[in-house]
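Each remark here refers to the structure printed beneath this line.
The shown structure was predicted, so the numbers you read here are calculated from the model rather than taken from an experiment. All values below come from the heavy atoms of this structure, side chains included, with hydrogens, waters and symmetry mates left out. For this chain, numbers begin at 1 and follow the sequence in order.
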Amino acid sequence: MTSKRICTLSHGDSGKGKTYFIGTICKEGKPFIVDTERGLLTIEDLEGQYDHTTVHNWTEFATACDYYFNHAEEKGYTHLVIDSVTRLQKILIDQILKVPESTTLSALSLKPKTLSIREWGEVNSTMNSVIDTICSRCPTSVHMTALSGESTDEVSGVTKVWPLLQGGFRFALPGYFDMVLYHDSTMSNGKVTYHIQTEGCNRNIAKSRLSHIKKLRTLEPNNYEVISNILKEL
C-alpha cells in the first residue's frame, strides 16, 4: 500500500457522473466503498474490482470505518470511498431525532420532528469530528461524494453551488479536502460529455491545493486518472 495519499471530494447534481467517477478509481487501485445511497448500479459491472458495504444507520457506518482503518493494509485497499456525505448527514440527523429505520407511509405523512439548536450543534460537531478524523488519519487516499445545492450569502447576496448539506457544515466540508471537484456535463452535437471542474468560480465551489505540483485545466475529463497523475508526482 502506497504511503502517498490524497483526500478528494466530488459534488454535483444527481446523474452527473459522480458514481462513474468512483468506478474509474478501480483502474488505479482497489477501493472500499461505504455506500449510504444504495446507488452503485452504475458500476455494478466492475464488481470484484472493489469491495463495498451498504450502511443504513450511524452504527453501521462507524463499524465500516473502523473495519477499514484496521484492515486496509492487509486487504490491499488503496481508497476509502464514502458515497455520500449528503446521505450520511441525513442518517445522523435521523438518529438524533430517533427516526425508525423502517417508517410506514402513514408515519411519513405526519408532521416531521425538527432539530433544536442544541441538536444542530451536535450534528455539526459530530460531522466535523468524523470527517476530520477520516481525512487526517485514514491510512489510504479518501474520496467522498455529495449532492450539490445552492446557497445565497446573506451579506453579498451571491448565490453559489456548494455540497448539499444542512446547516453550516456545507461551508466547512470543502476545507477538509486537498481537492474539491464539481461534476457537470455539456451537450454538443447531440452528445453528452461529462467533466469535472477543478477550480472554483463565482458560481461553483471547486479547488485544488496541489496546483504547485501539477497545474490542471479548469475542466478535466470525468476520470480519476487526473488525480492519479498528481499522486505519481507527490
Side-chain angles (χ1 to χ4, degrees), residues 1-56 60-88 90-91 131 134-135 138-148 163-164 177-186 191-198 206 208 214 216 219-232 234:
M1 184 168 58
T2 179
S3 60
K4 299 177 181 179
R5 59 188 298 278
I6 190 171
C7 295
T8 53
L9 171 70
S10 288
H11 73 104
D13 292 337
S14 181
K16 295 299 184 180
K18 297 186 298 299
T19 304
Y20 174 87
F21 185 83
I22 292 172
T24 65
I25 297 176
C26 295
K27 298 178 181 179
E28 312 297 330
K30 185 178 181 180
F32 178 84
I33 305 171
V34 179
D35 172 28
T36 69
E37 298 278 358
R38 307 172 186 86
L40 299 179
L41 288 176
T42 303
I43 59 172
E44 67 174 358
D45 60 321
L46 298 174
E47 195 166 347
Q49 298 182 49
Y50 63 87
D51 289 345
H52 81 283
T53 183
T54 299
V55 300
H56 307 86
E60 291 179 354
F61 169 72
T63 299
C65 290
D66 285 342
Y67 168 83
Y68 189 83
F69 273 50
N70 292 327
H71 296 90
E73 184 170 5
E74 68 179 81
K75 294 289 186 179
Y77 296 131
T78 58
H79 297 75
L80 173 62
V81 177
I82 297 175
D83 182 34
S84 69
V85 183
T86 300
R87 176 63 183 170
L88 181 63
K90 175 65 165 56
I91 288 173
I131 301 302
I134 292 174
C135 288
C138 185
T140 68
S141 290
V142 174
H143 182 72
M144 301 188 193
T145 71
L147 288 172
S148 289
L164 181 59
F177 296 89
D178 301 307
M179 296 183 70
V180 176
L181 310 172
Y182 176 70
H183 290 246
D184 206 351
S185 62
T186 55
K191 182 180 179 180
V192 179
T193 301
Y194 295 93
H195 60 258
I196 50 176
Q197 183 174 321
T198 65
S208 173
K214 188 175 182 65
L216 300 176
L219 299 182
E220 290 281 357
N222 186 38
N223 194 300
Y224 193 81
E225 184 180 3
V226 172
I227 297 173
S228 180
N229 288 336
I230 293 176
L231 277 170
K232 293 174 183 176
L234 287 178

Are F32 and H71 an aromatic pair, judged by ring center distance below 6.0 Å? no

Rounded to the nearest 0.5 Å, what's the gap from CZ on F177 to NE2 on H143? Could you check? 9.0 Å

Residues at least two apart in sequence or cross-chain that pass salt bridge (charged side-chain N to carboxylate O under 4.0 Å, His left out) with D13, listed by chain then number, are none

Output for pair (D83 CG, L88 CG), nearest 0.5 Å, gives 11.0 Å

Can you tell me how far apart SG (C26) and CD1 (I33) are? Round to the nearest 0.5 Å. 6.0 Å

Minimum heavy-atom distance between G23 and I43, given as atom pair plus value: CA-CG2, 3.6 Å

Go through it in stages, so that I can follow the logic: the residues are T186 and L219, the test is side chain to side chain contact (heavy atoms under 4.5 Å, CB included), and I'd like the CA-CA distance, side-chain angles, deciding distance and then a yes or no. CA-CA 11 Å; T186 55; L219 299 182; 5.9 Å; no

L147 and S14: which non-hydrogen atoms are nearest, and at how many Å? CD2-N, 3.9 Å

Under a 4.5 Å cut-off applied to non-hydrogen side-chain atoms, are F69 and C138 in contact? yes

First locate atom CG of L9, then atom CE of M144, and finally report the distance between them rounded to the nearest 0.5 Å. 8.0 Å

CD of E225: more than 12 outside heavy atoms within 6.0 angstrom? no

Kindly compute the distance separating OH (Y224) from CD1 (I230), expressed to the nearest 0.5 Å. 9.0 Å

What pairs meet the side chain to side chain donor-acceptor pair (under 3.5 Å) rule with one or both residues in residues 17-28, with sequence neighbours excluded? E28-S228

Does S141 use its side chain to pair, donor to acceptor, with the backbone of I6 at less than 3.5 Å? yes

Please walk me through it: do I134 and I82 pass side chain to side chain contact (heavy atoms under 4.5 Å, CB included)? CA-CA 10 Å; I134 292 174; I82 297 175; 3.7 Å; yes

Report the residues that fulfil salt bridge (charged side-chain N to carboxylate O under 4.0 Å, His left out) with E220, sequence neighbours left out, ordered by chain and then residue number. R217

Exercise: identify the closest heavy-atom pair between K16 and Y194: O-CD2, 3.5 Å

Kindly say whether K30 contributes a backbone atom to a donor-acceptor pair with the side chain of T78 at under 3.5 angstrom? yes

Stepwise side chain to side chain contact (heavy atoms under 4.5 Å, CB included) test for H11 and L164: CA-CA 8 Å; H11 73 104; L164 181 59; over 6 Å; no

Check: N222 side chain, I196 main-chain N or O, donor-acceptor pair, under 3.5 Å: no

Say whether, by atom type as modelled, one donor and one acceptor occur between the side chain of T36 and the main chain of S84 under 3.5 angstrom. yes

So, S148 side chain and G12 main chain: donor-acceptor pair closer than 3.5 Å or not? yes

Assess the residue pair M179 and L216 against the criterion (side chain to side chain contact (heavy atoms under 4.5 Å, CB included)); give the C-alpha distance rounded to whole Å, side-chain angles, the decisive distance to 0.1 Å, and a yes or no. CA-CA 11 Å; M179 296 183 70; L216 300 176; 3.5 Å; yes

Ignoring hydrogens, what is the shortest heavy-atom contact between V226 and P221? Give both atom names and the distance. CG2-O, 4.0 Å

Distance-only, no hydrogens or angles: does the Y68 side chain make a donor-acceptor pair with backbone N or O of L80 under 3.5 Å? yes

Point-to-point distance, once rounded to the nearest 0.5 Å, from CZ of R5 to SG of C135: 7.5 Å

Nearest heavy-atom approach of K4 to L231 is CD-O, 3.2 Å

Side chains of T140 and H79, donor plus acceptor under 3.5 Å: no

Quick check: closest heavy atoms across T53 and A64, and the distance to 0.1 Å? CG2-CB, 3.8 Å

